[in-house]
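Structure, as structure tokens:
Reminder, nothing fancy here: chain letters follow the sequence lines and each chain counts from 1.
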Protein chains: 2
Amino acid sequence: MLIDAYGETGAKVLTTAETLFAEYGYAGVSLRRITAEAGVNLAAVNYHYSDKQSLYTEILAYRLRQLSSVRLDRLAEAEARTGGGTVPLAEIVDILAQPFLQPDESILPTFGPASRRLLGRALIEPLGFLAPVLAADFQPAVARCGQALRRHLPALPPADFLWRYSFVVGALHHAAAALHDMKTLTTGLCANEDSAAALRNFRRFAVAALTSDESR
Amino acid sequence: MLIDAYGETGAKVLTTAETLFAEYGYAGVSLRRITAEAGVNLAAVNYHYSDKQSLYTEILAYRLRQLSSVRLDRLAEAEARTGGGTVPLAEIVDILAQPFLQPDESILPTFGPASRRLLGRALIEPLGFLAPVLAADFQPAVARCGQALRRHLPALPPADFLWRYSFVVGALHHAAAALHDMKTLTTGLCANEDSAAALRNFRRFAVAALTSDESR
DNA sequence: ATACGTTTCAAACATCTGTTTACTATGTTG
DNA sequence: CAACATAGTAAACAGATGTTTGAAACGTAT
């Protein structure tokens, strides 16, 4: 169940819609398909969420808030631990990646593969109408992690740092969206949904990419 | 003009469709919008390209073939130059990235920002019906570059190498799709469409990420 | 000039889209 | 029991969708 503040019907719509949106994108899914697959009446979407855009926005905002909340909590805790000092670079990378690729079941119990794919997709091809949601519920946490990273690369020109950081974030989003068919992408050598391997490799990858050749 | 084997009408459809598909995705663009924006009759799409799927597939396949052709040519030339030996890692990265991020005007004169975005988008969220096109016109060149890279990382377990390589490719695709609004993504610090900066930073980024810590 | 293949066009086609309406069921509160 | 808000439903709505049709316009070669 996605958000248990809704009744059975509303919740079934949410989980079904999240899966379908993650798979086929916003424009690629019709309300008739969502409601049919969820086994509820067509009008249920408009009754509970007023319209299609609001349904999509609500799902996405909910997931983004979950992700950002965990990231900001962990970052705040790490900064408190170091007395406002410098959080280790590898830890910042983990704060960015772990809640996305392998969310802690005890903290985000409903954040599954579909949520990951939905976010990966929405973050890569943002629809105009959800720019406010991204600005409010996603970018702040990414920016704060970026600031924490910046302390490790003071000699890097600002623009170069941002390019590098955007590559790291881009690779992460791509990994989140691609995790579900790594098997075909690698002709069977990597397993699907192996989030542990994804996280382990991404950590090494991002740390190496960020720490290299700081001065240039 | 995209493919000059078509008449004026067909060519206008192609360029307009490429731009719109790149911006709004396959399902997000209607044939009426394409034809209206191109200033041609609605039926022109079905007359010249039989249906919407074929139009999209044709555009994408054409761009993928351009990209793969340049990559394979450059790789073959580099391998010939080294006598079948090992092509420098930095050069392989450049072979992957440069035709994508900053294609040579003299070789790919029509491969512009819209083409880049279209590919970045299509590669990130592949629609089912274009899997054959990707398998035929894209993955071979990526796989060959991967093989060339592999020689530089012989100690890395196969799965770890593939993870790392997929992160690099993912970052590249993401960069290709994001290049057009880096300005907003970086609150003005990076310019839009600055493909030179993107390429320069990506080279350093990918080389560092790939060469680090080979043995683990 | 006439015939012919190609291209373009307006109009219609059937289907699918998101959304709204009016109605029924349900469970809760006075 | 009556009143009521909430939840769910079938049917219809207006408009958009991809696609097809049949005729008109065009250029070219006979």
Side-chain angles (χ1 to χ4, degrees), chain A residues 1-61 118 121-122 125 127-130 133, chain B residues 1-61 118 121-122 125 127-130 133:
Chain A
M1 184 159 27
L2 188 63
I3 307 174
D4 45 31
Y6 298 92
E8 179 107 8
T9 302
K12 258 192 281 188
V13 167
L14 283 180
T15 53
T16 310
E18 181 176 45
T19 305
L20 289 173
F21 283 142
E23 182 85 25
Y24 303 103
Y26 175 73
V29 181
S30 69
L31 294 184
R32 279 173 173 79
R33 184 153 177 208
I34 294 172
T35 51
E37 214 138 310
V40 304
N41 189 272
L42 168 62
V45 169
N46 298 93
Y47 177 74
H48 286 284
Y49 310 100
S50 74
D51 58 14
K52 191 188 178 185
Q53 273 199 16
S54 303
L55 170 65
Y56 188 78
T57 304
E58 177 143 351
I59 296 173
L60 194 73
L118 179 76
R121 194 167 187 140
E125 52 170 35
L127 300 155
F129 64 85
L130 46 83
V133 174
Chain B
M1 185 159 27
L2 187 64
I3 307 174
D4 45 32
Y6 297 93
E8 179 106 7
T9 302
K12 258 192 282 190
V13 168
L14 284 180
T15 54
T16 311
E18 181 176 46
T19 306
L20 289 174
F21 283 142
E23 183 85 26
Y24 304 102
Y26 175 74
V29 181
S30 70
L31 295 184
R32 280 174 172 79
R33 183 151 178 212
I34 294 171
T35 52
E37 214 137 310
V40 305
N41 189 271
L42 167 63
V45 169
N46 298 90
Y47 177 74
H48 285 283
Y49 310 100
S50 74
D51 59 14
K52 190 188 178 186
Q53 273 199 17
S54 303
L55 169 65
Y56 188 78
T57 304
E58 177 142 351
I59 296 173
L60 194 73
L118 180 75
R121 192 167 188 141
E125 53 171 32
L127 300 155
F129 64 85
L130 45 84
V133 174

Tell me: [atom1] of [X] to [atom2] of [N], nearest whole Å?
X	N	atom1	atom2	answer
Ile34(A)	dT17(C)	CD1	C1'	12 Å
Arg33(A)	dT17(C)	CZ	P	10 Å
Asn41(B)	dA12(C)	CG	P	14 Å

Inset, instruction - Give a yes/no on whether any side-chain N or O of Thr9(A) is located under 4.0 angstrom from OP1 or OP2 of dA7(D). - result: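 For dA7(D), OP1/OP2 do not have a side-chain N/O of Thr9(A) under 4.0 Å.
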Legend entry - Presence of His48(B) side-chain N/O under 4.0 Å of dT8(C) phosphate oxygens OP1/OP2: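 For dT8(C), OP1/OP2 do have a side-chain N/O of His48(B) under 4.0 Å.
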Legend entry - Where protein sits on nucleotides 19-28 of chain C, one letter per nucleotide: B base, S sugar-phosphate only, - none, heavy atoms under 4.0 Å: BB--------
Inset, instruction - Applying side-chain contact (heavy atoms from CB on, under 4.5 Å), run through Thr57(B) and Tyr26(B) and close with a yes or a no. - result: CA-CA 10 Å; Thr57(B) 304; Tyr26(B) 175 74; over 6 Å; no
Legend entry - For Ser30(A), side chain to side chain donor-acceptor pair (under 3.5 Å) partners two or more places apart: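 With sequence neighbours excluded, Ser30(A) shows a side chain to side chain donor-acceptor pair (under 3.5 Å) to no residue whatsoever.
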Legend entry - side chain to side chain donor-acceptor pair (under 3.5 Å) involving Gln53(B) - partner list, sequence neighbours excluded: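 Once residues adjacent in sequence are excluded, Gln53(B) has no partner under the side chain to side chain donor-acceptor pair (under 3.5 Å) criterion.
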Legend entry - Summary of side-chain hydrogen bond (donor to acceptor under 3.5 Å, both in side chains) pairs that have at least one residue in residues 31-43 of chain B, sequence neighbours excluded: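 Those involving residues 31-43 of chain B are Tyr24(B)-Arg33(B).
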Inset, instruction - Report the C-alpha distance between Tyr56(A) and Leu127(A) in whole Å, list the side-chain angles of each, state the deciding distance to 0.1 Å, and finish with yes or no for side-chain contact (heavy atoms from CB on, under 4.5 Å). - result: CA-CA 11 Å; Tyr56(A) 188 78; Leu127(A) 300 155; 3.9 Å; yes
Inset, instruction - Only counting residues at least two apart or in another chain, list the ones meeting side-chain contact (heavy atoms from CB on, under 4.5 Å) with Ala17(B). - result: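 Phe21(B), Ile34(B), Leu55(B), Ile59(B).
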Legend entry - Point-to-point distance, once rounded to the nearest 0.5 Å, from CD of Glu58(B) to CG of Leu14(B):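 Interatomic distance, Glu58(B) CD to Leu14(B) CG, rounded to 0.5 Å: 6.5 Å.
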Legend entry - Point-to-point distance, once rounded to the nearest 0.5 Å, from CD of Glu18(A) to CG of Leu60(A):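 Rounded to the nearest 0.5 Å, the CD-CG separation comes out at 9.5 Å.
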Between N or O atoms, less than 3.5 Å apart, protein on one side and nucleotides 22-28 of chain D on the other: list the pairs.
none

Legend entry - Among dG18(C), dA10(C), dT17(D), the nucleotide that comes nearest once only the side chain of Ser30(A) is considered: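 Among the listed nucleotides, the one closest to the side chain of Ser30(A) is dG18(C).
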